[in-house]
Trainee: 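Next up is a structure, given as structure tokens.
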2 protein chains.
Amino acid sequence: MAAELKVSRTTISNAYNRPDQLSADLRERVLATAKQLGYPGPDPVARSLRTRRAGAVGLMITEPLNYSFSDPAALDFVAGLAESCEEVGQGLLLVAVGPNRSVSDGTAAVLAAGVDGFVVYSASDDDPYLPVVQQRALPLVVVDQPKHVAGASHVGIDDRAAMRAMAEHVLELGHREIGLLTMRLGRERPDAGVVAVADPDRAGTPHFDVQGDRIQGVRDAMTAHGVDPQKLVIVESFEHQPTSGGLAAEVALEANPRITALMCTADVLALSAMDYLRARGIYVPGQLTVTGFDGIPDAISRGLTTVRQPSIEKGRRAGRLLHQPSRSGLPEIEVLDTELIRGRTSGPPA
Amino acid sequence: MAAELKVSRTTISNAYNRPDQLSADLRERVLATAKQLGYPGPDPVARSLRTRRAGAVGLMITEPLNYSFSDPAALDFVAGLAESCEEVGQGLLLVAVGPNRSVSDGTAAVLAAGVDGFVVYSASDDDPYLPVVQQRALPLVVVDQPKHVAGASHVGIDDRAAMRAMAEHVLELGHREIGLLTMRLGRERPDAGVVAVADPDRAGTPHFDVQGDRIQGVRDAMTAHGVDPQKLVIVESFEHQPTSGGLAAEVALEANPRITALMCTADVLALSAMDYLRARGIYVPGQLTVTGFDGIPDAISRGLTTVRQPSIEKGRRAGRLLHQPSRSGLPEIEVLDTELIRGRTSGPPA
DNA sequence: CTGAAAGCGCTAACAC
DNA sequence: GTGTTAGCGCTTTCAG
């Protein structure tokens with residue numbers, strides 16, 4: 001350290017961190033000499049070690065990156081989180097631990113993150129990195145899923161109720177044969193294929209709580225309407241491609257050609273399904289009702305019947321939970337509101 | 001440090017970092033005791049201080065966050081960078097220093113970032129944070145702009161040539177009255193308004209090199225075709241809203257109703273302009289030719305005549321430059337290829 | 001294969 | 001308003 005320019009290290013430190021602790025004149029001189037000597041200012045790492053604050057929060061992304069970066073809802077969440085970090089002058093450290101990477105590498109990355117707290121976004125309940133991030137013993141906020149993580153705060157919505165409301169809407173229109181297109185239900189690729197009808201085993205014990213809750217929501221509504229919930233055809237799209245929804249729609253209609261409504265657990269799925277149906281000359285909602293979930297701008301502008309959830313707000317809340325922890329120190333649960341949007345893609349069955 | 005479980009600190013350290021340096025049995029015992037004692041493993045910050053490696057790269061974003069998160073081209077860049085970081089097990093630290101924040105706060109954030117290198121994405125040549133990040137004396141990669149930063153590597157395209165090629169295309173179709181819709185040309189909001197014709201002063205000395213080069217490219221082509229480059233109507237959109245392109249189109253057509261071609265420096269601008277024109281009942285390309293820049297998926301699918309640039313690849317390259325620096329240690333310049341896409345939005349003037 | 005000692009660069013307490 | 005001292009938690013020689 002350049003204490004040798006003329007004064008002690010404290011003075012240097014003060015020059016940078018406490019302008020009021022020394023004469024403006026001296027401070028000027030210190031800074032000038034520093035610049036001249038090429039001293040880049042206090043080392044942030046050393047400072048972090050001493051102050052025990054890293055000045056950043058970690059965002060652990062366990063899904064493949066192209067997944068997160070292609071879903072507007074996920075991006076909105078990140079934007080909201082980034083925004084709340086910017087507000088308080090914190091950095092946001094993306095820790096990507098997708099399937100392209102060995103678990104040990106990923107573990108190392110989580111362990112190496114110099115952060116003051118973690119946000120976990122939408123992980124499966126058996127995610128291998130969850131124990132690792134818990135081990136860090138830092139403030140932790142889980143967004144969306146898993147729904148229950150010991151010691152972690154949570155930000156999410158009532159997926160079951162929201163999806164149930166959507167299913168009520170569909171059932172009230174008169175639909176009885178329903179297909180549900182869902183994102184992956186487990187970390188492992190299903191034997192049946194990348195896009196396939198989920199076998200009862202897999203659909204019965206989903207490792208992604210959000211998907212599970214939404215399935216349950218549909219079944220709740222079916223039961224309430226006297227429809228056998230076992231009749232629901234669930235198609236799982238394991239990957240996240242622009243055409244996934246279309247493929248899933250095709251699989252669903254093959255599995256049960258009498259389906260009159262396709263409910264999707266994400267707008268991106270629904271929009272892709274609509275593209276597929278249009279290409280096939282199938283009219284929406286005349287011949288088939290399609291519903292989504294998320295309320296992304298594209299869905300709204302295309303008139304999709306969907307559930308709007310406040311994705312940006314989720315990010316902001318997650319940030320806030322980290323930046324201004326509750327006085328009790330106990331984890332907090334925030335359940336945000338959703339809104340059913342009746343668009344132009346749902347109508348009575350043909 | 002929990003050296004007191006039974007052995008020395010070295011042994012603990014080795015247990016975590018050098019499994020081969022001690023008996024598997026002892027290692028087991030150490031790890032078990034650690035878990036029992038609730039020792040979360042080596043502190044990443046202390047380790048970074050000692051090893052002089054932070055395990056992360058910083059991404060400095062000087063534009064407002066909603067700007068970056070609403071432009072697919074910018075997102076693709078981030079995705080590419082994140083991908084290359086994931087590959088090598090590095091984190092990606094977002095340092096947002098937008099205009100919502102005081103310069104001193106932003107400076108502090110840049111100075112506080114515990115990273116091994118920085119990427120600066122698309123900043124103005126007079127950005128106040130540029131000197132700060134340079135002061136850090138870390139490996140630095142600038143993407144897009146400014147085109148020349150001392151000591152920094154650069155990843156970008158030949159904006160001038162790419163835009164010139166597009167202008168040639170437009171001129172060859174016969175257009176002579178051209179409007180150019182561009183992103184902001186300076187950090188300060190122009191006096192004329194958020195969306196306004198850029199006065200010669202402002203258009204003549206743009207602080208965003210990319211925009212400047214693209215303007216120059218259009219003028220090059222005009223000159224080559226014997227058209228007075230001063231006739232070009234340049235409309236600057238200072239902010240980045242979904243309707244910005246439409247507003248800019250309106251301003252351009254008001255300034256010169258004889259315009260037959262609207263060239264845009266971004267697809268998002270062009271698509272918004274198309275929406276506006278459609279709402280006004282103006283046919284593209286029948287009555288007006290519209291061109292874009294970037295080659296985002298939406299533009300391609302809507303048949304926009306545009307320039308495709310490899311945004312994801314830019315991110316990957318930027319990451320690579322940081323992760324595997326040249327052996328010479330000298331800054332490197334990478335100029336990526338672009339491709340002119342002749343879509344369905346350009347045609348002969350009416 | 002294991003231990004002792006040094007020190008990364010900084011800031012917080014406290015004395016002057 | 002300025003200097004002295006101690007130590008954040010770790011890894012890295014170097015000896016045993």
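Chain A is the first sequence line, chain B the second, and so forth, proteins listed ahead of strands; every chain is numbered from 1.
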Trainee: To the nearest Å, give me how far apart CG (B/Asp116) and C1' (C/dC8) are.
Mentor: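 To the nearest whole Å, that distance equals 15 Å.
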Trainee: Can you tell me if A/Ser48 uses its side chain to pair, donor with acceptor, with the backbone of A/Arg53 under 3.5 Å?
Mentor: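 Yes.
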Trainee: Heavy atoms under 4.0 Å, any strand shown: does B/Arg27 hit a base, just sugar-phosphate, or nothing?
Mentor: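 If one applies the 4.0 Å heavy-atom cut-off, B/Arg27 turns out to touch nothing in the nucleic acid.
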Trainee: So if I take residues 44-56 of chain B and measure heavy-atom distances to DNA chain C, which residues fall below 4.0 Å?
Mentor: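 DNA chain C contact set from residues 44-56 of chain B: B/Leu49, B/Arg50, B/Arg52.
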Trainee: When you check the gap from the basic side-chain N to the acidic O, do A/Lys314 and A/Asp144 get nearer than 4.0 Å?
Mentor: yes
Trainee: In chain order, what residues pass the ring-ring contact (aromatic ring centres under 6.0 Å, His included) check against A/His240, with sequence neighbours excluded?
Mentor: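 For A/His240, the residues satisfying ring-ring contact (aromatic ring centres under 6.0 Å, His included) (neighbours in sequence not counted) are A/Tyr67.
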Trainee: Can you measure A/Asp43 atom CG to D/dG9 atom P for me and round it to whole angstrom units?
Mentor: 17 Å
Trainee: Any non-hydrogen side-chain atom of A/Asn100 less than 4.5 Å from a side-chain atom of B/Glu86?
Mentor: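 In short, these two side chains touch, coming nearer than 4.5 Å.
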Trainee: Do A/Asp43 and A/Arg47 sit within salt-bridge range, that is, some charged N less than 4.0 Å from a carboxylate O?
Mentor: no
Trainee: Enumerate all atom pairs, one protein N or O and one N or O from nucleotides 1-5 of chain D, separated by less than 3.5 Å.
Mentor:
unit_1	atom_1	unit_2	atom_2	d
D/dT2	OP2	A/Ser23	N	3.3
D/dG3	OP2	A/Ser8	N	3.3
D/dG3	OP2	A/Thr11	OG1	2.6
D/dT4	O4	A/Thr10	OG1	2.5

Trainee: Using the salt bridge (charged side-chain N to carboxylate O under 4.0 Å, His left out) rule, collect all pairs that involve residues 318-335 of chain B, keeping only residues at least two apart or in two chains.
Mentor: B/Arg317-B/Glu334
Trainee: Rounded to whole angstrom units, what separation is found between the CD1 atom of B/Ile12 and the P atom of C/dT2?
Mentor: 12 Å
Trainee: Only counting residues at least two apart or in another chain, list the ones meeting ring-ring contact (aromatic ring centres under 6.0 Å, His included) with B/His207.
Mentor: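 Per chain and number, B/His207 pairs via ring-ring contact (aromatic ring centres under 6.0 Å, His included) with no residue.
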Trainee: Among residues two or more places apart or on two chains, list those pairs meeting ring pair (Phe, Tyr, Trp, His ring centres under 6.0 Å) that have a residue in residues 97-125 of chain B.
Mentor: B/Phe77-B/Tyr121
Trainee: What is the distance, to the nearest angstrom, from the CZ atom on B/Arg29 to the C1' atom on C/dC1?
Mentor: 13 Å
